[in-house]
Amino acid sequence: MLDMGSLPLANRLENLGSGPSNTYPLVVYYCHNCALIQLADLVPRNEMFTDYLYLTSASNTMVEHFDRYAETITRRLGLAITDKVLDVGSNDGTLLKAFQRRGVGVLGIEPAQNVASIAEKEGVPTITEYFDLKLANTLEKFCVVTANNILSHVGNLREFLANVAKVLRPDGLFVFEVPWAADVLRNNSFDMIYHEHLSYFGLKPLVKALGIAGMSLFDVEYFPSIHGGSFRAIASPSFKEPSPLVKEMVAREDKEADFWAVRDFSGRVPILAQRLREMLLGLKRDGKRIAGYGAPAKATILLNYCGIGRDILDYASDTTPLKQGKLIPGVGVSIVSPQFARTKPPDYYLLLAWNFREEILAKEQEFLDKGGRFVVPFPNPEVVDS
Ligand code: DWN
């Protein structure tokens with residue numbers, strides 16, 4: 001459907017003086033049978049998830065979102081101190097800490113040692129391994145298993161879901177969040193396509209995949225402002241009638257995430273990339289200084305695919321200490337701290353962390369009041385002043 005060429009790994013930030021990054025093919029395919037959108041070229045997981053630089057707690061939006069998440073599930077299931085939640089891909093433990101604050105037992109699984117140790121230091125018991133069958137066979141049964149922004153990253157979806165079913169109590173629930181493919185297409189957010197994200201899900205292929213694992217997807221909640229539009233689905237080992245919203249979203253996917261929608265999206269991507277690059281080059285010609293706001297994984301794809309490098313961006317600022325002092329791979333844009341950025345503010349920020357537009361524009365009101373502006377890349381590149 002879409003060939004984005006050979007691009008660097010999104011989170012494999014470069015160190016100063018390190019040679020050029022390896023690149024890997026990034027080609028998107030559509031399955032006419034189950035409507036799954038996915039990559040066909042699998043990068044070895046240890047290349048991507050060993051030393052991981054993304055922290056859930058890097059934004060207030062996600063910390064607050066996961067606090068509400070824990071509240072909703074705790075209330076819905078009446079979880080008590082005797083209950084235990086297993087979070088697969090628990091990162092720095094942000095969600096599990098929210099369950100702990102509500103007196104619920106927790107266990108995390110996070111293969112990236114550097115991130116898992118942050119969670120452990122903060123009192124979140126975390127197993128530093130991949131959630132494979134060998135590990136699943138050693139675990140107890142849980143009343144709740146969660147997996148957020150993880151299903152897209154899984155190399156073998158069938159095996160992963162079979163492992164979830166193996167560690168779930170018969171009355172347990174599997175709760176997971178993923179970006180909604182229909183929103184990626186609608187929002188033109190082609191920077192969400194990168195090697196870590198093997199699959200781009202609608203509910204349709206997930207209903208099928210969970211069915212194969214003996215689980216039924218029966219409820220869903222939709223979050224339009226999380227990662228550009230995400231849904232939180234709930235599945236059970238016993239059959240439950242799908243909710244009206246599940247049926248409605250599946251019906252919408254027939255129009256908004258079908259072959260034609262993917263084809264039209266694929267046609268728009270190179271046009272939008274060109275438009276963004278030309279907009280920035282125009283600002284440079286006018287003598288404007290531009291910098292990136294945030295250095296999310298998706299910035300690696302946006303900047304490399306659009307050909308936006310150090311000739312256009314002075315730097316990119318990011319709140320994540322693990323990223324500061326490194327370079328965005330393939331384009332060599334240096335990542336600095338927000339403190340440094342405030343000493344050298346640009347005229348324009350390219351909002352690379354566009355999924356946190358509300359939080360960031362509120363935080364940068366002073367910059368805007370002084371005449372600073374943001375270039376927002378999606379759904380169509382535009383300059384905003386508030
Ligand atoms: O799927 C994935 C999602 C969940 O997270 C992973 N594959 C990797 C990662 O993707 P991402 O890096 O694109 O995620 P975010 O959450 O969009 O990253 C935002 C970045 O922006 C972080 O590095 C923190 C930074 N940031 C900032 O510098 N100032 C964020 C905010 C809100 C800010 O004010």
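Throughout, numbering of the chain's residues begins at 1 and tracks the sequence. Every number for a ligand or one of its atoms is a count from 1 in the order of the listing.
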Donor-acceptor pairs are to be reported for all side-chain atoms of residues 136-143 against protein atoms at under 3.5 Å, with residues two or more places apart or in another chain.
{"residue": "N137", "atom": "ND2", "partner": "L133", "partner atom": "O", "Å": "3.4"}
{"residue": "T138", "atom": "OG1", "partner": "L135", "partner atom": "O", "Å": "2.5"}
{"residue": "E140", "atom": "OE2", "partner": "K84", "partner atom": "NZ", "Å": "3.3"}
{"residue": "K141", "atom": "NZ", "partner": "K166", "partner atom": "O", "Å": "2.4"}

Show the atom names and distances, to 0.1 Å, of all donor-acceptor pairs under 3.5 Å that link a side chain in residues 173-182 to residues at least two apart or in another chain.
{"residue": "E177", "atom": "OE1", "partner": "H65", "partner atom": "NE2", "Å": "3.0"}
{"residue": "E177", "atom": "OE2", "partner": "H65", "partner atom": "NE2", "Å": "2.8"}
{"residue": "E177", "atom": "OE2", "partner": "R232", "partner atom": "NE", "Å": "2.9"}
{"residue": "E177", "atom": "OE2", "partner": "R232", "partner atom": "NH2", "Å": "3.0"}
{"residue": "W180", "atom": "NE1", "partner": "E253", "partner atom": "OE2", "Å": "2.7"}

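Taking a heavy-atom cut-off of under 4.0 Å, ligand 1 is surrounded by N11, Y52, Y54, A58, S59, N149, H153, Y194, E196, H197, H227, Y293, G294, P296, A297, K298, S317, D318, T319, T320, K323, A353, N355, F356, E359, I360, K363.
Between E14 and K326 there is no salt bridge, since none of the side-chain N atoms of the basic residue sits less than 4.0 Å from a carboxylate O of the acidic one. Between R169 and D171, at least one side-chain N (NZ, or NE/NH1/NH2) sits under 4.0 Å from a carboxylate O, which counts as a salt bridge. In this structure, R263 does not pair ionically with D258, as no charged nitrogen and carboxylate oxygen lie closer than 4.0 Å.
Sorted by first and then second residue, the side-chain hydrogen bond (donor to acceptor under 3.5 Å, both in side chains) pairs involving residues 199-214 (not counting sequence neighbours) are K204-D254.
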